[in-house]
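What follows is a single structure, written as structure tokens, with notes after it.
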Amino acid sequence: MINETHDPNLKSWIESANAADTDFPIQNLPFCVFTRACTYENVRVGVAVGDFILDVYACYECCLFDDESFNIAVSADNYCLDHSVMKKNKNLQAAFRRRLVEILSETADEETRKNVRRNLIPVDEVQFYLPAHIGDYTDFYCSIFHATNVGSMFRPDNPLLPNYKYVPIGYHGRASSIVISGTEIVRPKGQNRADENAPPQYIPAKNLDYEMEVGFFVGNGNELGEPVSIEDAEDHIFGLCLVNDWSARDVQAWEYQPLGPFLAKNFATSISPFVVTMEALAPFRVPAFERAEGDPQPLDYLSSDASEKTGGFDITLEVYLQTEKMRDANAEPFLLSRSNMKDLYWTIGQMLTHHASNGCNLQTGDLMATGTVSGNAKDARGCLLELTWRGTEPIQLPNGETRRFLEDGDEVIMKGFCEREGFRRIGFGTCRGVILPAA
Ligand code: MN
């Protein structure tokens, strides 16, 4: 799957795409949906390159696409990824990527550059929208470190339930409250039963948290009643983004039994604007998580050679916090954690196959998320619940403030990137959100 579009020596005539620290070199080319800020234009399908967004349909109108990639470019007229690129087969997607690299690389002729330049919009002049109409959203729980930590807080004698090593655990989330990065998050109200001797109260959530997750979009779906084999799973995955599964822990603790997360989770989920394609991620594949000796092997329907050898992804995930005081003082956001997607117990292929294994039909544009990505190390814990051990070990911030959970005015900023010797670094952009007081 690694080809000439991953060549680390490829350079763009767009200088910002060659910067060492850019998330969007020519080897990445993630998709997004945007408008030019302060215009009444329709939303457009775009591709991020350096500090710019390329308007795909406008490029098609300038005749920049050849026959092979035309098919995707013209469908970009449909203003969202689920009605355009996500549905197309992987060969068309690959052809489109090759053509983008051609028109953006330093070998492009002056005429091509002129036409592309007309359709490049500086990233700070655009507003992003959800990249797809997300019909359904499912959140998994695939970090064994996260599951063990959380389990040991809520059920000290029985942290990891016996199904964990057999089933990629998940729950059906809520699609309607998925919001694009930058959307302000209003602190939810909910039932809190802090005093075990009194009835619960309906009050603003006190233990508001984030969860650092990776999302993946379903490209082609499957018919109702027709499972997806583990061998075919990745044919159904279009690309990845960052996800913040905002969580009200006090609400969660009271409501989660016996049916699992509900109002503690569905008030908001933020996602990053950029969808990094599976092809762009090819150089950063790693073997699936190595199971401890004595752990069961995945059941046959969740097991394949490819899944075991290349089903994981080496994606570094960082969470930063900037409080209102820090923002007012122009202080840099504070790094709370750094974890890696390769530490997940289950691969995204296994998650997708499991989801469809009972015949459940997945549809183009559906979003699935991995669950909090935590590692073994203390500073690799992907939520405050774990980092502060349910609030018992507050975090000290450089300006003297402390945090158990999120306060009003706090901004959570998530980043993701891939680095590997011999390849160009690529990134996911950011997923951010500021907490507003309860209404
Ligand atoms: Mn979650």
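Heads up: numbering here begins at 1 and tracks the sequence. What you are looking at is a predicted structure, and each value in this text was computed from that prediction instead of being measured.
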Among [options], find the one that has a side-chain contact (heavy atoms from CB on, under 4.5 Å) with [X].
| X | options | value |
| --- | --- | --- |
| Phe217 | Leu240, Ile237, Ile271, Asp82 | Ile271 |
| Leu387 | Leu336, Asp209, Asn149, Asp379 | Leu336 |
| Asp410 | Val434, Thr323, Ile185, Leu208 | Thr323 |

N/O donor-acceptor pair under 3.5 Å between [X] side chain and [Y] backbone:
| X | Y | answer |
| --- | --- | --- |
| Thr353 | Gln350 | no |
| Arg97 | Glu279 | no |
| Arg99 | Leu64 | yes |

Specify whether [X] and [Y] have parallel, tilted or perpendicular ring planes, treating 30° as the upper limit for parallel and 60° as the lower limit for perpendicular.
| X | Y | result |
| --- | --- | --- |
| Tyr141 | His146 | perpendicular |
| Tyr256 | Phe154 | perpendicular |
| Tyr345 | Phe289 | tilted |

ask   = Going through the checks in order, is the side-chain contact (heavy atoms from CB on, under 4.5 Å) test met by Glu324 and Glu407?
value = CA-CA 9 Å; Glu324 195 166 14; Glu407 304 282 338; over 6 Å; no
inquiry  = For Glu290, I'd like to know if atom CD has over 12 heavy atoms of other residues, nucleotides or ligands within 6.0 Å.
reply    =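 Result for CD/Glu290: open.
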ask   = Got more than 12 heavy atoms from elsewhere within 6.0 Å of CG, Asp300?
value =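 Counting neighbours around CG of Asp300, 12 or fewer heavy atoms of other residues, nucleotides or ligands fall under 6.0 Å, so no.
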Hydrogens and angles aside, do [X] and [Y] bring a side-chain donor and acceptor to less than 3.5 Å of each other?
| X | Y | value |
| --- | --- | --- |
| Arg390 | Thr392 | no |
| Gln322 | Tyr320 | no |
| Lys265 | Ser247 | yes |

Below 4.5 Å, heavy atoms only, C-beta onward: do [X] and [Y] meet side chain to side chain?
| X | Y | answer |
| --- | --- | --- |
| Arg249 | Cys383 | yes |
| Tyr171 | Asp139 | yes |
| Gln93 | Thr277 | no |
| Ser270 | Val179 | yes |
| Leu281 | Ile315 | yes |
| Val412 | Ile435 | no |
| Ile348 | Met341 | yes |
| Met351 | Leu344 | yes |

Distance from [X] atom [atom1] to [Y] atom [atom2], nearest 0.5 Å?
| X | Y | atom1 | atom2 | value |
| --- | --- | --- | --- | --- |
| Arg44 | Tyr57 | CZ | OH | 8.5 Å |
| Leu384 | Ile395 | CG | CD1 | 5.0 Å |
| Asn244 | Thr183 | CG | OG1 | 11.5 Å |
| Phe24 | Leu29 | CZ | CG | 10.5 Å |
| Arg338 | Lys415 | CZ | NZ | 10.5 Å |
| Leu317 | Thr372 | CG | OG1 | 11.0 Å |

task = Compare every heavy atom of Ser272 with every heavy atom of Cys431, then report the nearest pair and how far apart it is.
result = SG-N, 3.8 Å
ask   = Looking at Ala369 and Glu213, what are the two nearest heavy atoms and their distance?
value =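 The pair with the smallest heavy-atom distance is CB-OE1, 3.3 Å.
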message = Using the rule given for side-chain contact (heavy atoms from CB on, under 4.5 Å), can you reason through Phe313 versus Arg285, listing the C-alpha separation, both sets of side-chain angles and the distance that settles it, and then say yes or no?
response = CA-CA 5 Å; Phe313 288 90; Arg285 286 176 165 278; 3.5 Å; yes
inquiry  = Going by the rule side chain to side chain contact (heavy atoms under 4.5 Å, CB included), which residues pair with Val126 if we only count those two or more places apart in sequence or in a different chain?
reply    = Phe34, Ile53, Ile121, Phe128
ask   = Considering residues at least two apart in sequence or located in another chain, which fulfil the side chain to side chain contact (heavy atoms under 4.5 Å, CB included) criterion with Val43?
value =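 Here the qualifying residues are Val33, Thr35, Tyr79, Tyr129.
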message = Apply side-chain contact (heavy atoms from CB on, under 4.5 Å) to residues His355 and Phe140 and explain how you reach the verdict.
response = CA-CA 10 Å; His355 200 313; Phe140 285 88; 4.1 Å; yes
task = Could you check Asp23 against Phe274 for side-chain contact (heavy atoms from CB on, under 4.5 Å), going step by step and ending with a plain yes or no?
result = CA-CA 10 Å; Asp23 278 353; Phe274 307 104; over 6 Å; no
inquiry  = Regarding Asp250 and Lys206, does a basic nitrogen lie under 4.0 Å from an acidic carboxylate oxygen?
reply    =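 Looking at Asp250 and Lys206, the cut-off is not met.
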note = Given the options Tyr301, Tyr166, Trp346, His354 meets side-chain hydrogen bond (donor to acceptor under 3.5 Å, both in side chains) only with Tyr301
key: Pair Gln297-Ser303, side-chain hydrogen bond (donor to acceptor under 3.5 Å, both in side chains): steps then yes or no   = CA-CA 8 Å; Gln297 286 308 301; Ser303 178; over 6 Å; no
task = May I ask you to check whether Phe70 and Tyr60 place their ring centers less than 6.0 Å from one another?
result = yes
ask   = Within 45° of the six-membered ring axis of Phe417 and under 6.0 Å from that ring's centre, is NZ or CZ of Arg425 located there?
value =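 Satisfied, under 6.0 Å and within 45°.
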